[in-house]
Amino acid sequence: MKRYWLLFIGFTTLGLLGFTLFLAWAVSQAEGGLHMPGKTRVAVVEIRGGIFDPKDSIEELNRVYKNDGIKALILRIDSPGGGVSASQEIYDAVLRVKEKKDVIVSMGTVAASGGYYIAVAADTIVALPGTITGSIGVLMDYTNVEGLLELLRVKAEVLKSGKMKDVGSPLRPITPEERAYLQDLLDDMHRQFIEAVARGRGLTMAETEELADGRVFTGEQAMDLGLVDELGGQQRAVEIAQDLLGLDEEPELVYPRKKKSGFFELLAEGEATSTFLKWYYFLREGRALYWTKGMML
């Protein structure tokens with residue numbers, strides 16, 4: 001009898017342990033984890049820092065798109081911009097979410113250039129009075145180190161299969177033909193940016209072009225110019241979502257699962273790095289000038 005009793009206790013303990021592990025797994029897999037029964041859920045996705053690798057942001061937006069239990073999206077943007085194609089990929093992913101759900105952007109300290117490009121995909125844009133936004137333009141940095149190499153008595157040689165293959169090389173001056181070629185690329189990307197802003201904000205191309213010279217604006221100025229809809233913080237975005245969904249009480253905010261970061265990724269996302277990049281942004285006259293080879297918003 002004692003043996004059967006011990007077996008019963010053992011199997012019961014294993015069953016409870018298995019159920020606990022299953023429940024923990026199910027909660028970890030659920031979009032946003034546990035939530036209050038009966039409450040309408042609104043997802044919050046954050047776009048922070050330089051926009052160069054869109055993979056994680058797109059994965060989060062796709063999870064929001066596929067989850068029918070989430071009724072709206074608040075996109076929190078605190079970014080001075082980044083790569084053209086990376087910004088466009090996230091912009092397209094936000095447009096896809098907007099096909100099924102209301103999308104409200106809440107701007108933080110900075111939502112400029114590529115950050116603003118993404119914002120114009122939303123239904124409603126909310127900015128703080130002091131938010132730095134706008135910067136509708138495209139930039140390419142070019143540095144010529146030929147003189148430095150001469151001082152170091154170093155001579156560089158480049159082999160290429162096409163005359164435009166080494167355009168922008170720091171080893172030699174840029175030619176007038178190459179300058180015209182690169183300017184044409186920048187102008188085309190700028191046109192794409194202007195068209196996205198005009199569509200998203202309900203402006204004409206002419207109205208948008210007047211604002212698309214790379215200038216940044218405060219949140220208050222941007223609202224007067226039609227670039228944002230309202231002034232306020234994330235709480236105001238929550239209230240707008242509540243109104244759009246016709247709710248009597250505030251919705252429950254859920255945050256899509258993020259991929260676990262390693263030590264160096266966590267360090268790169270730290271407040272010290274974020275503060276440094278923001279100051280760097282301001283010192284460079286409001287442009288998103290993280291160094292990279294290529295065009296940037």
Between atom [atom1] of [X] and atom [atom2] of [Y], what is the distance when rounded to the nearest 0.5 Å?
X: Ile118; Y: Ser57; atom1: CD1; atom2: OG; result: 7.0 Å
X: Ile77; Y: Tyr117; atom1: CD1; atom2: OH; result: 13.5 Å
X: Glu210; Y: Leu225; atom1: CD; atom2: CG; result: 10.0 Å
X: Leu128; Y: Glu230; atom1: CG; atom2: CD; result: 12.5 Å
X: Leu151; Y: Leu148; atom1: CG; atom2: CG; result: 6.5 Å
X: Lys55; Y: Glu59; atom1: NZ; atom2: CD; result: 3.5 Å

**Request:** Kindly give the heavy-atom pair with the smallest separation between Glu146 and Pro173, and that separation in Å.
**Result:**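 Shortest heavy-atom contact: OE1-CD, 3.1 Å.
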
Side-chain donor or acceptor of [X] paired with backbone N/O of [Y] under 3.5 Å:
X: Arg201; Y: Gly226; result: yes
X: Asp123; Y: Ile104; result: no
X: Ser79; Y: Gly81; result: yes
X: Glu178; Y: Thr175; result: yes
X: Gln221; Y: Thr218; result: yes
X: Thr208; Y: Thr204; result: yes
X: Lys71; Y: Lys101; result: no
X: His190; Y: Asp213; result: no
X: Asp229; Y: Ile125; result: yes

**Prompt:** Do Tyr116 and Leu231 belong together in a cluster built from hydrophobic side chains that touch within less than 4.5 Å?
**Reply:**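 Yes, same cluster.
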
**Prompt:** Is Val44 linked to Leu245 within one hydrophobic cluster, defined over Ile, Leu, Val, Met, Phe, Trp and Tyr using a side-chain heavy-atom separation of less than 4.5 Å?
**Reply:**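 Yes; tracing contacts between hydrophobic side chains, which count when under 4.5 Å, links both residues.
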
**Asked** Using a distance-only test with no angle check, is there a side-chain donor-acceptor pair under 3.5 angstrom linking Gln192 and Gln88?
**Response**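 Present: a donor and an acceptor within the cut-off.
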
**Asked** Distance only, no hydrogens: is a donor on one side chain within 3.5 Å (strictly under) of an acceptor on the other, for Gln183 and Asp187?
**Response**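 Present: a donor and an acceptor within the cut-off.
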
**Asked** Checking side chain to side chain contact (heavy atoms under 4.5 Å, CB included) for the pair Glu177/Lys163: CA distance, chi angles, key distance, verdict?
**Response** CA-CA 11 Å; Glu177 182 184 9; Lys163 67 177 182 178; 3.0 Å; yes

**Asked** Can you find a pair of side-chain heavy atoms, one from Thr131 and one from Val110, that are under 4.5 Å apart?
**Response**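 Not touching, per the 4.5 Å side-chain cut-off.
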
**Request:** Determine the sole option in Ile90, Leu61, Ile47 for which the side-chain contact (heavy atoms from CB on, under 4.5 Å) test with Pro54 is passed.
**Result:**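 Result for side-chain contact (heavy atoms from CB on, under 4.5 Å) with Pro54: Ile90.
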
**Message:** Quick test of your reading of the model: are Glu239 and Arg236 salt-bridged, counting only N-O distances below 4.0 Å?
**Reply:**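 Here Glu239 pairs with Arg236 in a salt bridge, since their nearest N and O are under 4.0 Å apart.
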
**Request:** Decide, yes or no, whether a salt bridge links Asp166 with Arg172 under the criterion of side-chain N to carboxylate O below 4.0 Å.
**Result:**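 Counted as a salt bridge, because a side-chain N and a carboxylate O are separated by less than 4.0 Å.
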
**Prompt:** Any cation-pi pair here, Lys100 with Tyr65, using under 6.0 Å and within 45°?
**Reply:**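 Yes, a cation-pi geometry.
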
**Request:** May I have the step-by-step check of salt bridge (charged side-chain N to carboxylate O under 4.0 Å, His left out) for Lys39 and Glu250, ending in yes or no?
**Result:** CA-CA 9 Å; Lys39 291 205 73 172; Glu250 287 188 2; over 6 Å; no

